[in-house]
Asks: 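My structure is below; once you've seen it, I'll send some questions.
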Amino acid sequence: MNFAAQTAQGVMLVDFWAPWCGPCRRQGPIVEQVAEQLGAAAKIAKVNVDEAPKTAQKFGIESIPTLIVFKDGKPVKQFEGLTQAADLVAAIKAAQ
């Protein structure tokens, strides 16, 4: 995906993760739950840091999972570590 184009408009939650990361595997179902809860209100994306190291580096990702809420291409809220659905939903709604 073209990261800049995807995040350019509206609100998007991006989950920076890797398949070898245990907490990332636990975060995955939580992100899916957020996507189901919000429907079309926000876009959700996952970025594998091993496959997109330049994107991860651009946003200073040093530990995973890291989740960032973008609004019109700019990061507005960042979470590091396992994050609960309610916190993610609240951040997304606050950005809308």
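Treat the numbers as computed from the prediction; the structure is a model and nothing was measured.
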Asks: Between CG of N48 and CD1 of I64, what distance do you get to the nearest 0.5 Å?
Replies: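 So the gap between those two atoms works out to 8.0 Å.
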Asks: Nearest heavy-atom pair of K46 and G28: which atoms, and what distance?
Replies: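 In this case the closest contact between K46 and G28 is NZ-CA, 3.9 Å.
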Asks: Are V14 and V31 connected in the hydrophobic side-chain network, where two residues link if heavy atoms are under 4.5 Å apart?
Replies: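 No; V31 is not reachable from V14 via cluster members.
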Asks: Under a single-linkage definition using a 4.5 Å side-chain heavy-atom cutoff for Ile, Leu, Val, Met, Phe, Trp and Tyr, are V69 and I61 assigned to the same hydrophobic cluster?
Replies: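 They do not share one cluster, since no chain of ILVMFWY contacts under 4.5 Å joins V69 to I61.
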Asks: I need the full list of ring pair (Phe, Tyr, Trp, His ring centres under 6.0 Å) pairs touching residues 11-46, with sequence neighbours left out, sorted by first then second residue.
Replies: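 As it turns out, there is no ring pair (Phe, Tyr, Trp, His ring centres under 6.0 Å) pair with a partner in residues 11-46 once direct neighbours are skipped.
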Asks: Could you name each residue pair satisfying side-chain hydrogen bond (donor to acceptor under 3.5 Å, both in side chains) that touches residues 24-45, not counting sequence neighbours?
Replies: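 Not a single pair qualifies under side-chain hydrogen bond (donor to acceptor under 3.5 Å, both in side chains).
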Asks: When rounded to the nearest 0.5 angstrom, what distance separates CD1 in I44 from CG in L13?
Replies: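 Taking CD1 in I44 and CG in L13, the distance rounds to 4.5 Å.
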Asks: At their closest point, which heavy atom of V11 faces which heavy atom of A95, and how far apart are they?
Replies: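 Smallest heavy-atom distance, with atoms named: CG2-O, 3.7 Å.
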Asks: D72 side chain to G10 main-chain N or O, any donor-acceptor pair under 3.5 Å?
Replies: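 Looks like yes, one N/O pair under 3.5 Å.
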Asks: What heavy-atom pair brings D50 and A18 nearest, and what distance separates the two atoms?
Replies: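 It is OD2-CB, 3.9 Å.
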Asks: How long is the straight-line distance from CD1 of I68 back to CD of E80, given to the nearest 0.5 Å?
Replies: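 Result: 8.5 Å between the selected atoms.
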Asks: Taking atom NZ of K71 and atom CD1 of I92, what is their separation to the nearest 0.5 Å?
Replies: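 Reported to 0.5 Å precision, the distance equals 12.0 Å.
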Asks: Quick check: are there more than 12 heavy atoms from other residues, nucleotides or ligands sitting under 6.0 Å from CD of Q96?
Replies: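 More than 12 heavy atoms, drawn from other residues, nucleotides or ligands, come within 6.0 Å of this atom.
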Asks: Working to the nearest 0.5 Å, report the span between OG1 of T83 and CG of L67.
Replies: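 Nearest 0.5 Å value for the OG1-CG distance: 5.0 Å.
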Asks: How many angstroms lie between atom CE of M12 and atom OG1 of T7, to the nearest 0.5 angstrom?
Replies: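 With rounding to 0.5 Å, CE (M12) is 7.0 Å from OG1 (T7).
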Asks: Give me the atom names and distance for the closest heavy-atom approach of A42 to L38.
Replies: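 That would be CB-CD1, 4.4 Å.
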Asks: By the ring pair (Phe, Tyr, Trp, His ring centres under 6.0 Å) test, which pairs, at least two apart or in different chains, include something from residues 69-96?
Replies: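 Sorted result for residues 69-96: F3-F70, F59-F70.
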Asks: Do D15 and P65 have side chains that approach each other closer than 4.5 Å (heavy atoms only, starting at C-beta)?
Replies: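 Yes; the side chains approach each other to less than 4.5 Å.
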